[in-house]
Undergrad: 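Handing you a structure now.
The structure presented is a predicted model; accordingly, all values stated were derived computationally and were not measured. Lettering follows sequence order; numbering is per chain, from 1.
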Amino acid sequence: MEKLQEINNKAALNASGALSKLIDRPVKMNITMADVRKVEELSPVIGPEEIVAGVYLPVTGEITGAALLIFPKESSFNLSDLLVRREPGTTRKLTGLDKSALKELGNIVCGSYLTVFSNALQVKIIGHVPSFSFDMFGAIVSQIITEFVQKSEKALVVEIEIIFELKALKGYFLLLFELPQFNAILRSLDSV
Amino acid sequence: MMENIEVNMGDLVVTKNQDKLTTSAVGSCLVITLYDLKFKIGALAHTMLTDRRVSHLKRDALDATSSSARTREGGNERRHEIRDMKYVDAAIDEMIKKMVTQGANKENLEAKLVGGANMFPALKSDIGKENVLAAKKKLKEEGIRLVGESVGGSQGRSVEFSVASGIVTVKIKF
């Protein structure tokens, strides 16, 4: 899927620019992997009980679904250090300010991806106001699945890496759509 | 011999052994446990939705994955009542039926509920709340006592149900 690669490159570039502006320091976002998977198959990557920071944006427009950005607990602490300008390694608990900063970061990353995705496929996709949760991965992701789609739905899984000051923090970006729409997207990714 | 049985989302298990029934990371889903203390028979269901909440469009999508939703009779495909264990009502019916088959007495049954949270408090989502209400209504209709609950809020929960003692342990992460 060359088209997907192209989308990833552009989205990474956009997000890097926007994040650097937000943080006022050079920050780079890479996309290290993008794959269509069943949502349950994510669990080997992140255990269901593992604590994660999740930013969720409902997606509407010509296709409906959900965008979810996930950072493992330690990554979310490191990102908080960066976002609210603390000494690296000092965040051990997320304050209201941290949560709101992470939400904004999620908004930027998800927004960049959705914009590029929407332009490339020429479909109208609107990302809505983000919500934040810091809890078990399984509890977060199952609510999104229940909210929008059926069990064992497929998702586009994008592994991202945020690089700053020699640190590389891994995160995951999930895009879920209702099944017929998802299949149509896969077809257009193949054909364009 | 005691076993640890993990119950997946949308599934239920009934057992009369000394087993532990567990299920992890419950968000808006609702875990329902039923227990017959006298005969030491226990059941745990990890439900996702009330069917009332599901729109027709979504219900069609859900049915398409459920093998029990359709059967062929005389060459005509006929839709049957949904007996899918991801639904609160259907799961409670099935638990009672299976428990009675294994020797439980319906009059002895006691229920506990865990889950029904909203993981994104900023989001106006009633899935969790509606699951809890649907379960309480159904239990009342069936005349089953609700003896314990840890529901609502915005926290994920993991559940362990010891069938030997009837004790349900709820773990939250912080």
Side-chain angles (χ1 to χ4, degrees), chain A residues 38-40 42-43 46-58 64-70 73 92-94 96 99-100 103 106-107 128-154 176-183, chain B residues 6 8-11 22-31 46-50 53-55 57-66 69 84-88 114-131 153-160 170-174:
Chain A
K38 280 194 175 170
V39 173
E40 295 100 322
L42 271 175
S43 281
I46 303 178
E49 288 189 318
E50 195 179 319
I51 297 293
V52 298
V55 181
Y56 159 63
L57 279 87
T64 48
L68 183 65
L69 183 69
I70 297 283
K73 185 166 86 177
R92 300 314 303 160
K93 200 180 168 214
L94 298 182
K99 289 177 186 171
S100 123
K103 197 160 77 175
N107 199 16
H128 289 266
V129 182
S131 309
F132 183 84
S133 183
F134 187 67
D135 211 296
M136 299 180 203
F137 172 69
I140 290 176
V141 85
S142 64
Q143 177 164 343
I144 306 296
I145 297 171
T146 310
E147 192 96 36
F148 279 92
V149 280
Q150 74 218 54
K151 197 188 153 199
S152 71
E153 184 53 278
K154 285 185 283 186
L176 298 109
F177 297 113
E178 285 177 10
L179 195 58
Q181 297 172 336
F182 197 86
N183 289 337
Chain B
E6 171 79 22
N8 294 324
M9 197 160 70
D11 210 353
T22 61
T23 195
S24 62
V26 181
S28 61
C29 290
L30 183 68
V31 168
H46 187 156
T47 62
M48 299 168 74
L49 290 164
T50 74
R53 170 69 168 70
V54 188
S55 71
L57 190 112
K58 279 190 182 166
R59 185 180 293 187
D60 284 344
L62 285 161
D63 288 354
T65 60
S66 165
D84 194 314
M85 296 315 115
K86 59 168 80 76
Y87 297 118
V88 169
V114 182
N118 177 9
M119 300 308 294
F120 293 94
L123 193 76
K124 296 274 170 288
S125 169
D126 289 329
I127 292 178
K129 200 194 284 173
E130 287 182 11
N131 282 339
S154 58
Q155 277 190 316
R157 297 167 167 97
S158 286
V159 186
E160 189 183 279
V170 179
K171 283 183 281 184
I172 51 172
K173 274 290 173 166
F174 46 94

Undergrad: Hey, what do you get for CE (B:M9) to OG1 (A:T146), rounding to the nearest 0.5 Å?
TA: 5.5 Å
Undergrad: Minimum heavy-atom separation for A:S142 and B:C29, please, with both atom names.
TA: OG-SG, 4.3 Å
Undergrad: Under 3.5 Å, is there a donor-acceptor pair between the A:Q143 and B:N118 side chains?
TA: yes
Undergrad: Do you know the tightest heavy-atom contact between A:A139 and B:G156?
TA: CB-CA, 3.8 Å
Undergrad: How close do B:K173 and A:I51 get, heavy atom to heavy atom, and via which atoms?
TA: CB-CD1, 3.2 Å
Undergrad: So if I apply the ring pair (Phe, Tyr, Trp, His ring centres under 6.0 Å) rule between B:F120 and each of A:F134, A:F132, A:Y56, which one comes out positive?
TA: A:Y56
Undergrad: Does A:S133 use its side chain to pair, donor to acceptor, with the backbone of B:M119 at less than 3.5 Å?
TA: yes
Undergrad: B:S158, B:G128, B:A122: which one forms the most heavy-atom pairs within less than 4.5 Å of chain A?
TA: B:S158
